[in-house]
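Report on the structure given below.
What you see is a predicted model; the values in this text were computed from it and never measured. Convention: sequence-line order gives letters A, B, ...; per-chain numbering from 1.
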2 protein chains.
Amino acid sequence: MAETHSPAAPRRSLYLDDLSVGDRFISGEHALDAAQIVAFAAQFDPQPFHTDPDAAEATFFRGLAASGWHTAALTMKLLVESGLPLADGVIGSGGELQWPQPTRPDDVLHVEAEILEIVPSRSKPGRAMVQARCETKNQRGEVLQRFTPKLVVVGQSV
Amino acid sequence: MAETHSPAAPRRSLYLDDLSVGDRFISGEHALDAAQIVAFAAQFDPQPFHTDPDAAEATFFRGLAASGWHTAALTMKLLVESGLPLADGVIGSGGELQWPQPTRPDDVLHVEAEILEIVPSRSKPGRAMVQARCETKNQRGEVLQRFTPKLVVVGQSV
């Protein structure tokens, strides 16, 4: 039966047999600010709309916005620390990624994940490809990122 | 006519009218090492196979591997700094992301991008959605990441 896991619930290390299609997971929160946005962008996405609040006003984003890759990296942090407590780790081979709207300096992020599909491996018994949908939202419930990763999940005996 | 842009060629700031389907772009390089991998992972993807070279040996990755999000962030850095010299910046709404194999401590990364499709905006003249395929490769030509972003590109007059 589908379950909902919130960060307030006791943390469990989940194996393949513990997962069902429809299970939902809610992560803890991460509070963003302009300094974090600029620091990440200076290293990985040095463009004015991510590094310079003043220059950002005259750009496509009309104000400072986080690099999409910053939103993605913070989403991973939230999934690893609280959102998806998988026993052998959160290991993905990729997926479809969308940023419906920019992440802004005062956004407080959390991630809501849902198990969409569980496909047992033919070649490796006890292992499965698990497809999930991970939505990263701010404090107003606005969706900042959608990511549908394919995860490698193993059973307890492997 | 399709052109190939390499980092050795003079840097140009490209507008929509400068792009054609089939144009290819080759970025400069980024040399990775274990310290960078661990530093990124400690902040955004704190799992043993990304943070602890010894513990990583007994995991799915059989040795230290970079977070996929680190590969993605470095890909963006290479595109912004040299790979895709778009006049108004590299702005994406998302895309399909794949990591065919792990990025390792001594990999030297570069990005090869190709323009797949140019779809003019109906509502905003002079703007287009440009789909690209970006392959991130190491010094042996092994593909570490494939990403097919949809980019917002504007014409010179906008």
Side-chain angles (χ1 to χ4, degrees), chain A residues 30 36 39-51 55-56 58-61 65 67-82 84 86 88-102 124 127 143-154 158, chain B residues 30 36 39-51 55-56 58-61 65 67-82 84 86 88-102 124 127 143-154 158:
Chain A
H30 181 93
Q36 294 172 55
F40 183 96
Q43 200 174 356
F44 297 113
D45 195 347
Q47 305 193 84
F49 33 78
H50 299 320
T51 59
T59 68
F60 178 85
F61 290 103
S67 170
W69 303 108
H70 194 187
T71 303
L74 289 170
T75 297
M76 189 65 185
K77 172 180 118 81
L78 290 167
L79 288 173
V80 166
E81 288 182 349
S82 62
L84 268 185
L86 299 174
D88 283 274
V90 182
I91 300 174
S93 64
E96 174 71 25
L97 184 62
Q98 296 172 336
W99 297 298
Q101 69 172 66
K124 308 208 172 176
R127 186 181 285 187
V143 179
L144 307 174
Q145 179 180 291
R146 279 195 192 89
F147 183 48
T148 50
K150 290 181 176 174
L151 304 167
V152 178
V153 181
V154 297
V158 174
Chain B
H30 181 94
Q36 293 172 55
F40 183 96
Q43 200 174 355
F44 297 114
D45 194 348
Q47 305 194 84
F49 34 78
H50 299 322
T51 59
T59 67
F60 178 85
F61 289 103
S67 169
W69 302 108
H70 194 187
T71 303
L74 289 170
T75 297
M76 189 65 185
K77 172 180 118 82
L78 289 167
L79 288 173
V80 166
E81 288 183 350
S82 62
L84 268 185
L86 300 174
D88 283 274
V90 182
I91 301 174
S93 64
E96 173 70 24
L97 185 61
Q98 296 172 337
W99 297 298
Q101 68 173 66
K124 309 209 172 174
R127 185 180 287 185
V143 179
L144 307 173
Q145 178 180 291
R146 277 195 194 90
F147 183 48
T148 49
K150 290 182 178 172
L151 305 167
V152 178
V153 180
V154 297
V158 175

If you count heavy-atom pairs under 4.5 Å between each of B:Ala41, B:Gly68, B:Pro100, B:Pro46 and chain A, which one has the most? B:Pro46

A:Asp88 and B:Phe49 have their tightest heavy-atom pair at O-CE2, 3.8 Å

Please state whether the side chain, the backbone, both or neither of B:Trp99 comes within less than 4.5 Å of a heavy atom of chain A. both

Is the closest side-chain heavy-atom distance between B:Thr59 and A:Ile91 below 4.5 Å? no

Supply the atom-to-atom distance A:Asp45 CG to B:Glu81 CD, rounded to the nearest 0.5 angstrom. 10.0 Å

Ring centroid separation B:Phe61 to B:His50 under 6.0 Å: yes

How many angstroms lie between atom OG1 of B:Thr75 and atom NE2 of B:His30, to the nearest 0.5 angstrom? 10.5 Å

Under 4.5 Å from any heavy atom of chain A - which part of B:Gln145: neither

Shorter than 4.5 Å, heavy atoms on both sides: which option in B:Gln101, B:Met76, B:Lys150 has the most such pairs with chain A? B:Met76

Under a 4.5 Å heavy-atom cutoff, which of A:Gln43, A:His70, A:Lys77 has the most pairs with chain B? A:Lys77

If you tally heavy-atom pairs under 4.5 Å against chain A, which of B:Phe44, B:Phe60, B:Phe40, B:Phe147 wins? B:Phe44

Distance from B:Ser93 atom OG to A:Leu97 atom CG, nearest 0.5 Å? 9.5 Å

Contact class of B:Val90 relative to chain A, heavy atoms under 4.5 angstrom: both

Can you tell me which of A:Gly89, A:Pro48, A:Ser67, A:Pro149 forms the most heavy-atom pairs within a distance under 4.5 Å of chain B? A:Gly89

